[in-house]
*Asks:* 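Mind looking over this structure? Questions follow.
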Amino acid sequence: MVDELSKEDNKPMNILLAEDNPADAKIALRAFGKSKLKNEIYIVNDGQDALDFVYHEGKYKDKEKFPTPDLILLDIKMPKMDGFQVLETLKRNLEYSFIPVIILTSSKNEEDIARSYRNGAASYIPKPVDYEEFVKIVDSFNYYWRVINKLPRPDMYKEK
Amino acid sequence: MGIFNRLKGLNITTKFMLWFLFITLLPSTMATYTSYISARQILEREVANSLRAVADNKVNQVETYLREKVDNVTDLSHRSDIIDALEGCSKAFLKGGSAESPEYAAAYEEFRPFLSYYQKSHNYDNIFLTNPEGCIIFSSEKEKDAKSLYETALYDKESELAKVFIKAKESSRTEVSNFEYDPFAKKASAFIAAPVFKEAQIIGVIIFEMGNEGLFKFVRDYTGLGQTGDIIIATKVGNEAVVIAPLRYDPNAAFKKKISIGSKEGVGIQKAVLGKDEVAVVSDYRGEEALAVMRYLPFFKLGMVVKMDISEVLASADKLRNILIVVGGAFLIIVVIMAFIAARSIASPIKTLTRVSGIIAQGDLSARASIDAKDEIGELAQSFNQMTDRLIEAKADVEEKKRLLEEANKELDSFVYTASHDLKAPLRGMSAFASFLEEDYKDKLDKEGKDYLKEIREGANRMALLIEDLLKLSRISRIKNPYENVNMNVLIDTVIKRIEFDIKEKKVNLRVQQNIPIVRCDRIKMTEVFLNLINNAIKFSSKNNKENPKVEVGYVDEGRSHGFYVKDNGIGIDPKYHDEVFGLFKRLHTLEEYEGTGAGLSIVKRVIDDHGGKIWVESELGKGAAFYFTIPKNLEAGGPNDGRRAE
């Protein structure tokens, strides 16, 4: 069953990673790179860019180069517009509210966790300090979102 | 108690009023009552005096009357026609042998007219003549004394007639008898007897019968005795006082009204016939309270009482009392009104103050008491207003401090935010890039280089743990959850489920006391307390080589507090470190021996402190440790809550 499913649905995902810290971005890229399941990772450095990317605005007008992401990995603390603002804006926009947003942050603060879910986050993943740990998490993440979970089809994004 | 408690509940105007009334009415009531009582006493004394005067007057009149009678009888006994009559009748009686003899009849007819004349003209009922032996030889009312008394000796030695005859004959002078009921005349009579002499020889006795009408004349004169005044005259017969004259309320009382000595009625007359001479308030013959003057008339052996009902004696006192009640009532109304006005004038500034302080208490500090009075209350109002001014300053001060505190809190919040989001990023970098180095330059690094990288990674991980614990401690101080009633057994079970894996793996013999009572506390933080204490207990007893870790959780009722303990059979704690173990990041062992940051007990102590409880440890090195803590029983449900509930 899983194998059949894999053939049909297990294709690489377009993941938008909003992360202002270049080191963290590099770590994430490397961890995703180590995973057996390969995905396309697009990196933006602040909240405003994250929105522009999703809406195909500003420097992200080229839909071929910057496709609508299947998943968004969102850091909370970012310049210009923080993760919560991005999350709230996206979830209020019917056109793109289907995209699952996963919070990926250093904080284990209960307030942050509660606020994320209240605003429609699909998941909340605290970034571990230990890199090996992070690699394991990325493996699990890929397995979950690509094998276990079923995402909406891109043509359904265009809901009126 | 009840009255005083009720007084406390009254408002100030009523209290003042009651005091005014008390102060004014108590003396005036006492004065009125005293004057009423003394008026009564004066009245009683005056009436007693006038009754005494009446009594003395009556006694005087009676005695004078009797003395006149006695003198009159004495005079008559010396008259020659009386002497002749006695002698004539006596001789005729002896000669004829009986009263029926013609000789006696002739003598009787001879002497009767002038003796009858004497009898009528001096108002006597009868005139008897007796011989020295006591035979009645003449009676002016012969028809009435049908049994021809005078023919024989005085038959009844106990009769007043016989007694007075004997007395007169023996004393050779005029004597008076007691009053006695005469069944033939149907009235009381007394006898006056005088010996009759001829040539110094007693030849007989002349006896005059005197009715009691003469006395009635005085007795029935009620002048000066008001409406209920009465005069009672009685003689003592056996053990009874027999009334011999009509009474005001009983005209037929003479010889019918009898009062036995010692009975409760007619106490005055009882005393009078016994010879008492006094004034007293007693129960009279009708059973009424009466003021009675008692007198004794030795001449007739009569007791006399002049009395007046107490109700009449005190009638004017009662009138006075009624006037006093009316005047007092009017006075009371005036006093109540005055007291009300006075009480209001004192109480109203106080009420104003109370009202203003109530407004201020509700938070309106602009309210001021405007009281013009220059007295102490005015001063109080002034001080009150000054106090309110100070209050405004103090409030501004407090608000400034509150603002500063809020600022500090905001800073703390931003510190926490920074710590959670930013402090760990560099650590993650350190850990990750050390890993990259290890992966990418595997061939160029020797074993020592790889160890250094491992140290870097472990240092970073450890730093992350410290930051995490620091944040936890800061959160536990900042966030206050409302107190709720918590089933501690359920709470402890929850904790045990969270560390079930550890317990199984380390073969921990864990025992939890059942039926721990419901405890009011912060549920979330209390979970943290048990989690830390049980975790610690397992950690420090897991390297015991002799036996499996043993952990015991129990409850002790400490009266005002709930007491809990968590015991283990672990390595124990040297007593010199007992206080230090609760310090932040305080560790007694190296990381190689026991992992952990040393923040756990600090967090536990913070939670217990916040609940107002105590925590301490009892342990010796190598003999296990027991952590005790208490939670006060009197925590209020819902509090404390500074508005920052945990999400």
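Below, chain A is the first sequence line, B the second, and so on; all start at residue 1.
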*Asks:* Between A:Asp112, A:Val135, A:Asn21, which residue shows the highest count of heavy-atom pairs closer than 4.5 Å to chain B?
*Replies:* A:Asp112

*Asks:* Between A:Arg30, A:Lys108, A:Lys26, which shows the greatest number of heavy-atom pairs under 4.5 Å with chain B?
*Replies:*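 Top option by heavy-atom pairs under 4.5 Å: A:Arg30.
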
*Asks:* For B:Glu458, is it the side chain, the backbone, both or neither that has a heavy atom under 4.5 Å from a heavy atom of chain A?
*Replies:*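 Neither part.
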
*Asks:* Looking only at non-hydrogen atoms, find the nearest pair between A:Ile27 and B:Gly429 and report the distance.
*Replies:* CD1-CA, 4.0 Å

*Asks:* To the nearest 0.5 Å, what is the distance between NZ (B:Lys472) and CG (A:Asn109)?
*Replies:*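 Answer rounded to 0.5 Å: 12.5 Å.
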
*Asks:* Does atom OH of B:Tyr452 have more than 12 heavy-atom neighbours, drawn from other residues, nucleotides or ligands, at distances under 6.0 Å?
*Replies:* no

*Asks:* Which atoms of A:Asp24 come close to chain B, meaning under 4.5 Å heavy atom to heavy atom: side chain ones, backbone ones, both, or neither?
*Replies:* side chain

*Asks:* Does NZ belonging to B:Lys450 count more than 12 external heavy atoms closer than 6.0 Å?
*Replies:*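 Enclosed: over 12 neighbouring heavy atoms sit under 6.0 Å from NZ of B:Lys450.
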
*Asks:* Can you tell me if NZ on A:Lys136 sees more than 12 non-hydrogen neighbours from other groups inside 6.0 Å?
*Replies:*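 No.
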
*Asks:* Considering only heavy atoms, which portion of B:Leu427 lies under 4.5 Å from any heavy atom of chain A: side chain, backbone, both, or neither?
*Replies:*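 B:Leu427 touches chain A through backbone and side-chain heavy atoms alike.
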
*Asks:* Does atom CE of B:Met463 have more than 12 heavy-atom neighbours from other groups under 6.0 Å away?
*Replies:* no

*Asks:* Quick check on A:Pro128 against chain B: is it the side chain, the backbone, both or neither that has a heavy atom closer than 4.5 Å?
*Replies:*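 A:Pro128 touches chain B through backbone heavy atoms alone.
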
*Asks:* Restricting to non-hydrogen atoms, name the atom on A:Glu132 and the atom on B:Ser435 that form the minimum distance, rounded to 0.1 Å.
*Replies:* OE2-OG, 3.7 Å

*Asks:* Just checking, B:Arg428 and A:Phe134: is the charged tip under 6.0 Å from the six-membered ring centre and within 45° of the axis?
*Replies:* no

*Asks:* So which heavy atom on A:Ser106 is nearest to which on B:Ala425, and how close?
*Replies:* OG-N, 4.5 Å

*Asks:* State, to 0.1 Å, how close A:Tyr131 and B:Ala432 come at their nearest heavy-atom pair, and which atoms those are.
*Replies:*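 Answer, listing the atom of A:Tyr131 first, then B:Ala432: CB-CA, 3.5 Å.
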
*Asks:* Go through the atoms of B:Phe433 and report whether side chain, backbone, both or neither lie under 4.5 Å from a heavy atom of chain A.
*Replies:* side chain

*Asks:* State whether B:Glu439 and A:Lys34 are salt-bridged, where the test is any N-O pair (Lys NZ or Arg NE/NH1/NH2 against Asp/Glu carboxylate O) under 4.0 Å.
*Replies:*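 Judged by the 4.0 Å cut-off on N to carboxylate O distance, B:Glu439 and A:Lys34 do form a salt bridge.
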
*Asks:* Quick check on the interface: out of B:Asp422, B:Leu471, B:Leu465, who has the most heavy-atom pairs with chain A under 4.5 Å?
*Replies:*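 Result: the option with the highest number of such pairs is B:Asp422.
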
